[in-house]
Protein chains: 2
Amino acid sequence: MNLRELAAHLGLSQTTVSRALNGYPDVAEATRRQVMDAARQFNYRPNPAARRLATGRAGTVAILFPVERNLLVDPHFFELLAGLADMIARTEMELSLRATPPDQELDNYRRLVNAGRVDGFVLSSPTLQDPRIPELAALGAPFVVHGRTEVALPYAYLDIDNEDAFARATALLLDLGHVDIALLNGDPALGFAVDRERGFRAALAERGLAPFEGRVRNAPMTEETGYRSARALLERPERPTAILASSVLLALGVYRAARDLGLAIGRDVSVIAHDDALPYLKAETFDPPLATTLSPIRHAGYRLGEMLIDRIAGVDPQNLQEILTCDLVFRASVAPLRGEDGPRRGPTSAASRSRTKDDPRSSDRRPAR
Amino acid sequence: MNLRELAAHLGLSQTTVSRALNGYPDVAEATRRQVMDAARQFNYRPNPAARRLATGRAGTVAILFPVERNLLVDPHFFELLAGLADMIARTEMELSLRATPPDQELDNYRRLVNAGRVDGFVLSSPTLQDPRIPELAALGAPFVVHGRTEVALPYAYLDIDNEDAFARATALLLDLGHVDIALLNGDPALGFAVDRERGFRAALAERGLAPFEGRVRNAPMTEETGYRSARALLERPERPTAILASSVLLALGVYRAARDLGLAIGRDVSVIAHDDALPYLKAETFDPPLATTLSPIRHAGYRLGEMLIDRIAGVDPQNLQEILTCDLVFRASVAPLRGEDGPRRGPTSAASRSRTKDDPRSSDRRPAR
DNA sequence: TTGCGCTTCCAAAGCGCTTTGGGAAAGGCC
DNA sequence: GGCCTTTCCCAAAGCGCTTTGGAAGCGCAA
């Protein structure tokens with residue numbers, strides 16, 4: 001069933017049917033209802049190719065990613081994509097996934113925009129001075145960024161409050177008596193790492209403290225680097241008593257290092273990690289359960305989709321800037337600093353651990369400030 | 001620059017230019033060359049929407065995935081996608097990523113085909129009696145399957161030789177003196193798990209052996225289940241001396257369990273895992289390095305893209321059925337069964353470990369049969 | 001010379017939609 | 001009643017491509 005047939009069946013012109021369907025004003029309400037009903041009845045769906053050709057709009061949003069292996073070290077990307085795809089599927093739009101050789105990335109953006117093949121983009125993993133932002137802004141193409149940068153242009157973004165999350169996590173550890181806290185962070189070229197370190201330092205500074213020597217480490221966020229960094233930190237006698245990790249995968253490495261060294265997570269070293277809620281690596285199933293700053297990345301993908309649709313519809317980027325607050329989920333990987341008089345369990349760990357099983361997000365939250 | 005302008009510039013009709021560009025026969029070679037040159041010079045690219053409208057072909061291949069969280073437990077999916085996107089990007093086609101509510105999955109396939117919005121599909125994670133296969137076959141839509149099923153229809157697929165890989169891995173362990181070998185496998189509703197178990201049992205049977213009681217375990221392939229299964233197996237005195245794991249993530253759990261129990265991987269328990277070459281979880285960086293049956297899943301995605309393009313072009317599905325052989329990469333997580341006379345390192349482990357760092361794929365391969 | 005078959009090209013008709021530029025009918029105002 | 005809006009609808013012109021159905025030109029055989 002196409003528009004012509006539908007119009008013929010209704011005894012109306014294609015124009016009127018088209019306008020009725022697309023919400024134009026100059027159609028009588030009664031007519032519009034008729035048209036809508038008929039469209040539903042015949043399960044009419046406008047041919048997207050025809051629509052594209054006629055409107056010049058592509059009906060497509062795209063996400064480009066470099067084929068280079070290194071940049072795909074990120075298991076978070078797919079979760080973001082899943083949320084985005086979920087949202088886009090609820091619209092008439094399509095989500096196009098495009099691989100690009102890294103050296104042709106900007107070219108590809110340009111080409112896609114100029115050829116009118118894509119209406120908008122999601123930019124993920126932006127660097128602090130991400131060249132894609134000025135490029136797309138100059139092209140006049142709508143886009144939304146997952147994360148913030150230092151680019152001085154108005155652009156739409158969705159980010160989590162990394163600084164606040166890590167400040168709160170740090171403050172919690174300080175409240176529990178920890179002083180020597182380490183930070184295992186990601187590549188500082190990516191904005192979130194900078195923000196997290198800032199939050200970490202700020203919380204320390206608020207109590208007149210600063211990180212001890214060598215306590216801030218930057219590296220790719222893999223299990224392996226988590227292990228190595230933690231091992232390097234923990235095997236010396238003047239070891240930190242708490243570790244903040246930028247990802248659950250890093251924390252996995254920390255757990256392994258601690259076990260190797262005969263240290264008990266919680267009792268001997270407290271750990272808090274940032275949790276993007278990857279479905280195949282759950283902090284609550286760690287042993288002991290891992291305390292986290294939580295912000296499901298899938299939800300971010302979904303929200304980015306909504307924002308991009310708005311952006312394409314013409315909403316000012318200034319009005320499309322959101323910062324999500326992370327939950328701080330307390331679990332047994334965190335305990336008060338042990339006194340000198342021997343092992344002593346933190347008062348909260350046992351209770352929180354059992355509660356965690358049921359609903360980590362509601363019952364286990366605990367404001368740290 | 002569009003076709004009309006290009007034709008005008010050349011002093012030819014649109015028809016001729018179009019035919020020249022699309023390789024139709026009734027164009028003089030000299031003319032064709034002229035057209036090609038001009039097209040290159042002006043960087044002419046046909047408008048995909050117009051082409052779609054005119055031809056009825058969508059110029060799009062799609063991959064649908066259920067939004068349900070459970071089915072995205074699979075970090076392999078994105079790697080597959082990356083390879084697929086890489087291949088598709090080299091064509092004029094697009095890759096459309098579509099989320100679908102699980103209960104509307106078949107409907108969505110039907111709708112996309114009938115509306116002519118998609119030219120072909122990649123089916124990933126098929127079940128043994130996957131209903132998508134008869135559905136798409138009935139619709140006459142081209143598709144390729146990642147993996148094999150028990151569906152009795154001719155369809156295009158790419159699979160790895162799971163049975164052979166696990167048979168060879170098992171045989172290697174047997175050659176090294178192991179007898180009590182455990183298999184940590186995935187959900188048996190997915191075909192690869194069945195094949196792997198078959199290979200495992202076949203290799204044992206070849207020596208007149210069978211798995212010991214409780215040695216075959218099926219569960220989702222996460223670190224956590226790897227840990228639990230391994231722990232359950234290893235903490236009893238009559239423990240297996242070797243473990244085959246269906247994924248590197250499972251093996252990570254096995255390593256953790258072994259450490260917890262004071263067992264040394266390699267010396268006390270040998271481990272071989274199947275490795276899909278996820279870039280953020282490298283078997284060669286395990287400690288000790290993890291022996292694997294290797295088959296990069298990204299490459300599978302790439303190849304599936306090529307096959308799908310062929311399938312769309314009309315190649316018979318019977319001629320598009322491929323089974324990739326896995327490499328068996330020997331590393332220090334495997335050692336000969338220790339005799340009763342105390343600890344003794346396997347003769348090969350130290351050497352292979354250092355070699356592994358350089359080129360695990362070439363120098364470390366070792367036929368097991 | 002005529003007719004036939006090839007090769008090479010072209011005019012024009014869509015593909016299914018949106019959008020421009022009216023136009024007829026109805027209603028409001030003097 | 002005449003005129004001007006407003007409301008509601010429509011015919012037709014594209015959007016940029018492919019494809020159908022010739023047609024022109026040429027060589028060659030009859």
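Quick note: numbers below take in every heavy atom, side chains included, and nothing from hydrogens, waters or symmetry partners. Numbers restart at 1 for each chain; the letters A, B, ... are given by sequence-line order, proteins then strands.
The side-chain contact (heavy atoms from CB on, under 4.5 Å) check on A/Arg110 picks up A/Leu106, A/Asp107, A/Asn114, A/Glu135, A/Leu139, with sequence neighbours excluded. Partners of A/Arg132 according to the salt bridge (charged side-chain N to carboxylate O under 4.0 Å, His left out) rule, which considers only residues two or more places apart in sequence or in another chain, are A/Glu105, A/Asp130. Scored by the salt bridge (charged side-chain N to carboxylate O under 4.0 Å, His left out) test, B/Asp310 finds no partners at all (sequence neighbours excluded).
With hydrogens and angles ignored, the 3.5 Å screen pairs a side-chain donor or acceptor of B/Glu5 with a backbone N or O of B/Asn2. In this structure, A/Glu79 contributes its side chain and A/His76 its backbone to no donor-acceptor pair below 3.5 Å.
Scanning residues 18-41 of chain B for heavy-atom distances under 4.0 Å to DNA chain D yields B/Ser18, B/Arg19, B/Asn22, B/Tyr24. Contacts of residues 2-15 of chain B with DNA chain C (heavy atom under 4.0 Å): B/Gly11, B/Leu12, B/Ser13, B/Thr15. The stretch residues 49-58 of chain A touches DNA chain D through A/Leu53, A/Ala54, each having a heavy atom within less than 4.0 Å of the strand.
Using a 4.0 Å cut-off between charged side-chain N and carboxylate O, A/Glu306 and A/Arg90 make no salt bridge. Ion pairing between a basic and an acidic side chain is recognised when a charged N comes within 4.0 Å of a carboxylate O; A/Asp37 and A/Arg33 show no such pairing.
Side-chain N/O atoms of A/Thr16 and A/Ser13 include a donor and acceptor closer than 3.5 Å.
Relative orientation of the B/Phe78 and A/Phe65 rings is tilted, given thresholds of 30° and 60° on the angle between their planes.
Within the 4.5 Å cutoff, no side-chain heavy atoms of B/Pro142 are placed close to those of B/Asp119.
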